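These numbers come from a predicted model, not from an experiment. Numbered from 1 within each chain, the chains take letters A, B, ... in sequence-line order.
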Amino acid sequence: MTLFAEVILSLPLDRSFLYAVPEAFKKKVVKGARVLVPFKDRLLTGVVIERKKTSPPGLKLKAIRDVLDETPLFSPQFLSFTRQLSRAYYSSWGELLRIALPASFAPQSKTRVVITDEGRLALNANKISPLEKDILLLLAKKSYSDVFLKRKSKASRFSSLLSRLAEKGWVCVEKGMDSFHERRETGLQVTPVQLEMDFSLDKESLRTADMLAGEISKDTFSYQYVFGSAAKREAIYLYLIKKSISSGKRVLFLVPEIAFTGSLMEKFQNRLGEHAALLHSQMSESRREHEWLRINDGHVSVVAGPRSALFSPVENLGLVIVDEEQDDSYYQKENPAYDARQGAYLRAKQENALLIFGSMAPSVETYYEAQKRGTLHILEKESTKHRIDIVDDRQNRGIVSPKLQERLRENLDRKNPSLIFCNRRGYAGYVACSRCRYIPRCQNCDIALTYHKRENKLVCHYCDQALSPWHACPECGGQMVRKKEVGVEAVEEAVHRHFPKSRIVCFDTDIVKKKKDGQHILSEFKNGRIDILIGTQLLAHQKDLPEVSLVAVLFPETTLSLSDFRASLRTYQMINQMLGFLRSDKDSNGVIQTSFPEHFSIQSSPFGRYEEFYKEETKFRRLMNYPPYVHMVEVLFQGENLRALARKSREFTSSVRRGAAAIEILGPALTAARVRGMNRIQVILKAKRRKDLDDVLRPSLQKIKTRKSVRVYY
DNA sequence: AGCACGCCGACT
DNA sequence: GTCGGCGTGCTC
């Protein structure tokens with residue numbers, strides 16, 4: 001009886017490949033096991049997803065070369081969860097499985113190129129082309145991989161160049177295998193652990209925590225949302241983690257990328273010690289592998305980390321937490337694209353675990369979902385105890401309003417440090433000719449260049465290209481003037497003017513380019529050697545920034561002008577995050593300085609009135625047919641040739657239109673600017689039911705062959 | 001993805 | 001006349 005295996009490979013393809021199973025491997029080739037298979041002219045690691053008794057006629061199959069696992073590495077639940085995730089985001093299943101493994105668990109053949117004696121002679125003989133000579137010169141010192149040589153070589157068709165060299169006998173191309181780890185096959189040890197943990201749960205929180213803890217023991221999937229301050233959420237999380245562990249269940253704890261210097265992680269390390277695995281993005285490959293093995297062997301009860309921790313080999317999951325659920329870093333845009341929030345949902349569901357989302361500035365989609373399910377827990381209402389002033393900027397002539405000057409003065413007098421956020425880099429938004437209104441734009445990106453005074457450059461914020469500014473307009477010779485839009489540099493200058501004796505420092509991308517400078521500034525601030533620290537959102541992302549008694553947010557309305565249906569939410573979250581650095585005593589002051597004070601996001605956010613914001617925002621979303629009321633997908637076509645792009649995108653749109661009537665199509669539309677010389681055309685699809693989208697989108701995407709990326713919003 | 005094939009424009 | 005651009009197709 002012959003046996004065949006359906007194998008998934010780590011390629012950007014939405015399909016599997018069929019292989020013949022040699023007699024010797026029949027027992028070991030099972031669903032979830034890794035196999036080494038020949039593919040084209042190389043060897044790749046794949047995952048068996050199905051055993052088959054028959055194969056389609058007329059298909060000449062290759063045979064599996066080796067089986068890497070005695071028992072399946074991936075459980076059926078894990079396979080199912082990753083497949084669903086890949087389908088939800090139109091990304092490749094094989095690539096998702098690949099990122100679930102440390103590199104040494106997915107070996108593949110590598111090509112090494114070695115120079116021959118004849119090759120060395122040819123190098124001296126001088127009758128070779130410059131391209132060939134470049135390669136041989138490199139190889140004269142040592143051998144290299146073909147990938148490395150390809151990157152070094154200027155040849156456009158490198159592969160044919162290489163085979164020509166091999167034909168002439170100048171180089172020898174060798175195929176070798178990656179070294180890979182033998183997997184340890186250890187049994188699961190689920191040892192219930194008792195942990196000493198102290199909690200400070202107030203009555204309300206304790207009630208919620210107890211109720212949620214009840215869900216763990218039920219052993220069924222449960223979807224819950226915890227709305228509240230970081231401190232209150234944290235207490236609940238730790239309570240639940242303790243409950244989970246003591247009942248022998250494991251925990252997956254997801255946090256945003258930036259949270260790694262945060263105190264919660266330290267607490268984890270201290271309280272859980274060996275029982276916890278803390279993962280982060282700057283971990284070395286060997287360290288990552290070490291942690292992966294510990295988790296895989298069942299030695300770890302809690303895995304905490306950013307979105308990629310979602311794929312940790314944790315068995316017997318009882319609790320999945322997604323903290324700061326609204327954070328953008330949960331969505332991976334590069335291939336394989338996926339959203340760790342949706343991933344957490346799918347995985348928790350698959351494992352019958354308790355799923356907890358938590359935040360104080362929720363995403364509309366998740367909040368809506370929790371409300372619909374009736375599983376929303378609000379730990380506190382309006383949380384602001386301090387005084388907040390919303391200053392109408394339109395009344396002012398200067399950059400720093402009288403109100404802010406007053407507050408800064410008070411705070412300086414009390415010897416307290418202050419924070420000022422202004423979310424725009426550079427000095428002025430743009431420069432223009434005073435006569436003909438000509439605006440200098442980036443050659444590659446089409447967007448207006450921003451004037452940076454510190455470096456005296458015009459800078460493109462898309463591709464970072466910097467030009468020296470010119471004084472006369474190249475079109476009419478008129479004088480170039482700076483426009484009114486204000487950047488951090490201008491804020492710094494203005495604050496300096498008002499408080500010449502104070503120690504004022506600016507913290508932005510341009511300064512932090514040198515990493516040490518950034519750390520230095522932060523520690524100076526912590527040590528009280530800076531009176532006023534001025535920064536962009538980059539500063540707000542520094543989690544170890546100390547709390548202060550004065551926080552000013554300047555011009556938050558700039559976020560509102562983005563052509564994104566989540567602009568209001570972004571504004572809400574940004575203000576919320578920045579004011580989060582306010583000490584929570586009555587003497588603390590917040591100042592919002594804006595030219596759009598009546599906007600609901602600016603009105604509600606400073607006071608933590610999310611419900612109020614949510615009501616307004618959902619009104620708009622419902623009216624405009626945006627998530628969560630529809631499912632929405634954005635398809636982005638990218639390329640240099642605008643003509644070809646336009647043709648492809650229109651072809652795509654009409655294919656979708658032919659496919660279904662229940663889909664609303666926006667576009668194709670040229671996006672506002674090119675990026676690094678690339679044109680981008682956007683098509684947005686909306687539908688009431690996800691299935692309507694999938695049914696027509698999948699075939700349409702397959703049919704139109706060109707570089708495109710898909711982004712799923714809800 | 002990676003690579004081979006195949007068909008049109010500027011050059012030793 | 002070729003070299004070399006990239007559009008298209010295929011990988012069990």
So, OP1 or OP2 of dG9(C): does either fall under 4.0 Å of a side-chain N or O from Lys705(A)? yes

Can you list everything that forms a ring pair (Phe, Tyr, Trp, His ring centres under 6.0 Å) with Phe4(A)? Sequence neighbours excluded, please. none

Measure CD/Glu651(A) against P/dG7(C) and give the value in whole Å, please. 14 Å

Could you state the CG-P distance from Leu9(A) to dT11(C), rounded to the nearest angstrom? 13 Å

Can you see if the side chain of Lys648(A) gets near the phosphate of dT8(C) - specifically, an N or O under 4.0 Å from OP1 or OP2? yes

Closest nucleotide among dC12(C), dA1(B), dG2(B) to the Lys62(A) side chain: dC12(C)

Nearest-Å distance for atom pair CZ/P, residues Phe39(A) and dC12(C): 5 Å

A quick test of your reading: do over 12 heavy atoms of other residues, nucleotides or ligands sit less than 6.0 Å from CZ of Arg570(A)? yes

Can you tell me the distance, in whole Å, between the CZ atom of Arg42(A) and the P atom of dC3(B)? 7 Å

Is the closest basic N to carboxylate O distance between Glu285(A) and Arg288(A) below 4.0 Å? yes

In whole angstroms, how far is the P atom of dG9(C) from the CD1 atom of Ile704(A)? 12 Å

What is the separation between atom CG on Leu43(A) and atom P on dC12(C), rounded to the nearest whole Å? 11 Å

Within-4.5 Å side-chain heavy-atom neighbours: Leu278(A) and Val303(A): no

Can you name the side-chain hydrogen bond (donor to acceptor under 3.5 Å, both in side chains) partners of Asp14(A), sequence neighbours left out? none

So, Arg698(A) side chain and Arg87(A) main chain: donor-acceptor pair closer than 3.5 Å or not? yes

Measure the distance from CD1 on Ile8(A) to P on dA1(B) and round it to the nearest whole Å. 17 Å

Under 4.0 Å, heavy atom to any atom of DNA chain C: which of residues 14-27 of chain A qualify? Arg15(A), Phe17(A), Leu18(A), Tyr19(A)

Could you state the atom-to-atom distance from CH2 of Trp93(A) to P of dA1(B) in whole Å? 21 Å

Students often mix this up, so state it plainly: with edges at 30° and 60°, are the rings of Trp292(A) and Phe105(A) parallel, tilted or perpendicular? tilted

